Every structure is written in C-alpha cells, then in structure tokens.
Amino acid sequence: MTDDDQRGLDPVPAGGSLSDTAEASLLGIAEGSLPGTADAEGWRRLHPLSPLLRGGLVLLVIVGVVVANFRDRFVELFFADRVFEGSGVDVDVDPSGDIVSLIEYLAGQGLLLLVLGALLAVLLLIVLFAWIAWRFSTYRITDEAVEARRGVLFRTHRRAPLERIQSVNLQRSLPARVLGLTKIEVLTAGQGGKVELAYLGYRDAKTVREQIVRRAAMKRGGRPAVAAALPQAAAGIAGRGVLANVGDRLSERAIDFADADIDPEAIAADALVRVPVGRLLGGIALGWEAVVTLVLMVAVIVGGSLIAPGVLFGIVPLILVMASILFTQFNKGFNFTLSRDGDSVRTGAGLTATATETIPFGRIHAVEARQPLLWRPLGWWRVRITVAGHSVAQGGQNTSQNVVLPVGPEADVLRVIETLLPGVGDDEHEMAALRDGLMGSGEGYLRAGPRAAWVLLWGRRRAGIRIADEGTAQATLRVRRGVLTRSLAIMPIVRAQSVQLRRPLLHRLLGLASLQAHTVLGPVRMEMRGIELEAARSAFDELAAEVLRVQGTEARELREEIRERTAEGSGEGSAEGSGEGSAKGPWEATPPGDDGEETR
C-alpha cells in the first residue's frame, strides 16, 4: 500500500462500526507487519545480538578493563619466577613496557596453542550461552496484552494488558545505537508495571511500538478507532516513510543512528515543538541547579581565601557535581521534539542515548508550566506532566523523567498544553485564559487570604485556584503559585481521585485552609494553600460537585456505549480498565477529624 493509497482511505463515520470481516482482515495485515516469524502460539524472538547488550557487552568491558590494568601484575605473578631462573627470555614487567616477550615465552614452552585454545573455548562458551539466552527470550502481541518471556533456569513471564498500558518508550543507549538496536519499554498502571522487549532492530522496534499503541487504542476506544488506526499501522507509519529507499546497509545504519523518530505526518503538518541547542544551553546555564552550584563554588573560594586554604579542595567535588548535572540536562534535552501522533503524543530527545516516549492522551493526568526567576526576562518556561505508571522514583523524585518541554517560549508552552490536553486551548478565548494564568493577573482565580503571607511569603499575590470550563466535559482545575519559580498547573477534572480540605496547625491559627485535588503519583501537585476558611469550604464543595458531575457523566456514557455494543451483538464492551478516572462510586463526605481535614 502506497502513501497515496493510505491517504485515500475513507474513515468510518462517527458512530459507525467496522464489520467483523473487515476487522479480521485489518488485524491480519497488522499481524503480518510485525518483524520475524511467529510460532504456533504467536511468540517471536528478539534480535540475535540482544544477549550481547544485556550482559555480554558488560562482560567484555570488564575483561578489557581488568587486562588493561593488571596485565603487568599478571605477568609478574605467574611468569617472573621462570624468567629469573635463566630461561633466556626477557619478559618486561615494567609498567611502561609491554608483554610481547610473553608470547615468545609461551611459544618457546609449547603453551601458546594451549592458551589460545582455552581462550577460544571460553569464547565459544560465551557464544553458546548467549545463543541459549536468545532462544529462550520471546515476546508476543495479542489482542489482549503484550507479553515477554526470558530465562533458562529461572523463567520470567511478564504481561501488560492493553487497556492498562500508559506509555510505550523506545530506549537507545550509545552501544545500542551503534549496533542498530532499540529497547522497548511498555509501562502500565501500578508501581513497577513494566514489560521490556530488549532488544529489537531499530526499524522493527518502531513497527512493534506502533502496533502496541494502535492495539491499545483499539482496546480502549472500541471498533470506531480501529478504522483509521490499523490501515496506518499496516502501511508502516512507524517511521519507515522517512527511512525508505536507502541503498546500502552502511547508509541505513547511519540514518538510523541519527534518526530523531518523528512521525512523518507531524513533519508534513508542521505539528512539532522543537528546542534549539542555544536555547537549551541558555536554559541550563540560567537554571536553579547551575546557579546554586555556582554560588556554592564562589562561597568555597572565598572561604578558602579568607579562612583556610584547605577549604579550596572542596571545590573539586562541586565542579564534578555541576558538570554531571549540566551534562545530564543537556544530554536529555538535546534535539528535543514533541509531536502529535493520532491519539497519542510523542516526545524524543537525547545526545549519546536517545529516548522516545509515546503517551496516549487519556493517560495524562496533570500538566504544569514552570518558570525559574532568571528565565523570566527571556519569557522561557518548562513543562512537565504527571502520567500513571511511573515508579515512585520516576513519578515523585526524578522529575526530569516527566519533562515534555525542557525550555521554550510562551507560544511553545501554549502549543504543548493544547497538544497534551485535547479540548484545552482550542479557541482564542481559551488561549487568552491560558496566557492570563501564565503571566496575567489571574482573572477568575480564588485568591489567598490576607493573612496568607505567613505561609506563602511573597507568593501570596500570585497564588490562586479556579475551575475552568465548569459544566462541560472539558472542565479543568487550575492552580497558580510561586514567586521565585512561577507555575501554572492544570488537571482535567475527570482525573481527580479525591478532593481534600486540609488545615495544618499554622493554617488553623490564621483561619486559613489548604485545598488539594489528588491524582496519581507525579511531580505536579494540585494544591492551593492559604485560602480563607469559608472560601475554602465553598470551593471544596464546588469542586467536589464538579468532579462528581464530570465523572458521573463519563460513567453513564461508558455504560451507554457498552449497552449499544451488546445490543449490536459484538459482546466486546467491558467497563473494567477502560475508563480510568471515571467515577467508581458516590463520594462520601467525611466530617472533620481532630486534624482538621475533610476528604471526599
């Protein structure tokens, strides 16, 4: 199927359905587009070089380091006594010399073939074990889940249900890029829910990634979503259009090594957000990490000059820490791109090691734009998100894992928010509201109380909270805060898991309260502190009612959709796992306890 044929496909009308024959045909095409040959149960093998990257490469590096550092000690330990017995063979054990004469000695003693044979046997054993490991490492993609099996003596079998998949990532370390291999990470809801396919060829990995994303979208959205998705997958929309018609293998490997993994449709539609290298370097230099480290270095230099010269030695670890932090930020933000890919968003970046993350829109729970103090004159912002499925470290502490825009102007921030949250920023009025939330006076936001300066300091004037688009399915909760680092956090109401009114000791003494909406674990915190108590109670009731309305509407629509499918005889509707964020039951108000908290 050519690109022109693909563009000529007619989508299924809204509310329409795909016949069983057509769906089976499309699924057959999609299955045939997967790399490799499947066995009777659908299991496929990974790339033959996978064991080399999983363990063999590390072993070779360790052996090389040991040989390079201990070669002279090895000669001195095992052969020096024979050298000094007058064998007539001069073995140079000086650190500045070499061990060429060692080979001559082994040849003279008739041991050279024995040593070479032992080395060859070890090499063959490594190859044999790698081959066995490869034979027992398989994966398969079904209409229900992504599965991976590995191990010989100790077998492991991991399974990721399609309806629970949160994101699909491509990871390429520098050795993997050189060998043309890629690791696929399938993240699911829940802590530690991850299935790894390590490794596949780069182009094969992109095809498999696309199949997983499309099948997961079909599982969540039903048959109408299949019509547009599977033909694209069958045509190889996984990026092959950019890399097609390449003549020789060396050119293919070079193009794969430098490929930024951008959807060709996004390039054609100019639906990209990029970060130039100059802006990235400027953002890193003006970020809090670099500024704080620089201040500490100046303090150490001044302290060493005025107090004790020995303090100057403390500047060495600071330089190493600063260099590590800055290079990590540059490495992760280099060549950053964000694009929209059908029903998901795709981000990619990396200098030595590249990472591409594909996140379905429905799995994004909150978005936050942040602006450090020194970025303010330049109008730069950073955007990060909360996504279900990350581990505790990734979701709560390693915030660089959740960055979807390392540094960008206000226009890029608005485009990113519009891309990540469909329905937000669709018209000029909505764009004006977002600009006002970022940099404006915050019209319509509930402000902090007059005594909130005791808890918010200079951030009291900016702090605010509001419900935008109230009464619609796209209703969102928005929170402004910060003075040294400004921020605007946005959470779709449908993603709220609970609402809490909290009164810590200082808040109770000042007659204030804190209002927070809980979602999944992540770096974006939807909390507003320092609200007057009565205003906080009123906002608490309003927010609780809005969450109940939105999630109740979604639950009713889901039940109606299942009822329609059942009436059509499809028998494919299931509420379990397909309505994340939907209401799971009526909210119950809990009276305030001794700690002064209310939760719904």
Side-chain angles (χ1 to χ4, degrees), residues 167-174 176-177 182-183 185 187 202 205-206 209 239 242 255-290 324-341 344-359 361 364 367-372 374-375 378-387 390 394 398-421 487 522-524:
S167 64
V168 184
N169 308 333
L170 299 186
Q171 303 285 343
R172 292 199 296 163
S173 61
L174 184 57
R177 294 179 70 187
T182 301
K183 178 172 67 175
E185 289 185 346
L187 300 180
Y202 177 58
K206 295 174 73 173
R209 186 264 310 274
V242 178
I255 293 177
D256 290 349
F257 185 88
D259 183 31
D261 191 18
I262 303 174
D263 188 358
E265 292 187 351
I267 298 177
D270 194 23
L272 291 175
V273 176
R274 298 178 181 269
V275 177
V277 176
R279 186 194 302 161
L280 177 64
L281 291 173
I284 294 174
L286 298 177
W288 284 120
E289 296 87 353
S324 175
I325 293 175
L326 299 186
F327 179 76
T328 300
Q329 292 182 355
F330 180 76
N331 191 26
K332 290 185 176 181
F334 181 80
N335 198 27
F336 175 88
T337 59
L338 180 144
S339 61
R340 191 165 184 163
D341 180 20
S344 61
V345 61
R346 182 186 300 178
T347 63
L351 177 60
T352 57
T354 63
T356 303
E357 187 170 7
T358 302
I359 309 171
F361 289 125
I364 299 174
V367 179
E368 182 183 42
R370 297 172 60 84
Q371 185 182 61
L374 297 182
W375 289 13
L378 300 172
W380 291 346
W381 295 79
R382 173 180 296 164
V383 181
R384 59 184 185 177
I385 61 175
T386 288
V387 181
H390 283 170
Q394 292 172 332
N398 185 14
T399 55
S400 63
Q401 181 76 19
N402 304 76
V403 172
V404 293
L405 180 63
V407 53
E410 182 184 272
D412 284 354
V413 173
L414 296 178
R415 291 181 64 185
V416 169
I417 294 177
E418 180 185 6
T419 300
L420 298 177
L421 301 177
S487 68
V524 182

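Quick caveat, the model's predicted, so the values are computed rather than measured.
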Check: Leu170 and Lys183 side chains under 4.5 Å, non-hydrogen atoms: no

Does Gln171 use its side chain to pair, donor to acceptor, with the backbone of Thr182 at less than 3.5 Å?
no

Can you tell me if Thr386 and Asn402 form a side-chain donor-acceptor pair at under 3.5 Å?
no

Minimal heavy-atom distance between Trp375 and Gly287, with the atoms involved, is NE1-N, 3.8 Å

When every non-hydrogen atom of Asp412 is compared with those of Arg274, the smallest separation belongs to OD2-O, 4.0 Å

Distance col, row Leu326:CG vs Ile284:CD1, nearest 0.5 angstrom, shows 6.5 Å

Here the gap from Gln329 atom CD to Ile325 atom CD1, rounded to the nearest 0.5 Å, amounts to 7.0 Å

Heavy-atom closest pair (Pro406 atom, Gly333 atom, distance to 0.1 Å) is CG-CA, 4.2 Å

Salt bridge (Lys or Arg N to Asp or Glu O under 4.0 Å) filter on Glu289, not counting sequence neighbours, yields none

Please report the C-alpha distance between Thr356 and Asn169 in whole Å, then the side-chain angles of each, then the deciding distance to 0.1 Å, and finally whether the side-chain contact (heavy atoms from CB on, under 4.5 Å) criterion is met.
CA-CA 5 Å; Thr356 303; Asn169 308 333; over 6 Å; no

In short, Leu286 meets Leu378 closest at the heavy-atom pair CD1-CD1, 3.7 Å

**4.5 Å side-chain heavy-atom contact, Thr337 and Val273** = no

In short, Thr352 meets Arg177 closest at the heavy-atom pair O-NH1, 3.1 Å

Interatomic distance, OG@Ser167 vs CG@Leu187, rounded to 0.5 Å, equals 4.0 Å

Report task. Please examine the side chains of Glu185 and Val168, heavy atoms only from C-beta on, and report whether any two atoms are closer than 4.5 Å. Result -> no

So CD1 of Ile417 and CD of Glu368: to nearest 0.5 Å the spacing works out to 10.5 Å

Worked check of side-chain contact (heavy atoms from CB on, under 4.5 Å) between Glu418 and Arg340 | CA-CA 10 Å; Glu418 180 185 6; Arg340 191 165 184 163; 5.6 Å; no

Correct closest heavy-atom pair for Ala285 and Ala290 would be O-CB, 3.7 Å

query = Run the side-chain contact (heavy atoms from CB on, under 4.5 Å) check on Ile364 and Ile359 step by step: do they pass?
reply = CA-CA 8 Å; Ile364 299 174; Ile359 309 171; 3.9 Å; yes

In this structure, CH2 of Trp381 is separated from CG of Leu405 (nearest 0.5 Å) by 12.0 Å

Rounded to the nearest 0.5 Å, the CG atom of Leu280 sits from the NZ atom of Lys332 at a distance of 13.0 Å

Side chain to side chain contact (heavy atoms under 4.5 Å, CB included) test vs Val345 passes for just one of Val416, Ile385, Thr419, namely Thr419

ask   = Does the Asn331 side chain pair with the main chain of Leu351, one donor and one acceptor, at a distance under 3.5 Å?
value = yes

side-chain contact (heavy atoms from CB on, under 4.5 Å) between Arg384 and Val404, worked out: CA-CA 5 Å; Arg384 59 184 185 177; Val404 293; 5.8 Å; no

Side chain to side chain donor-acceptor pair (under 3.5 Å) filter on Arg172, not counting sequence neighbours, yields Thr354

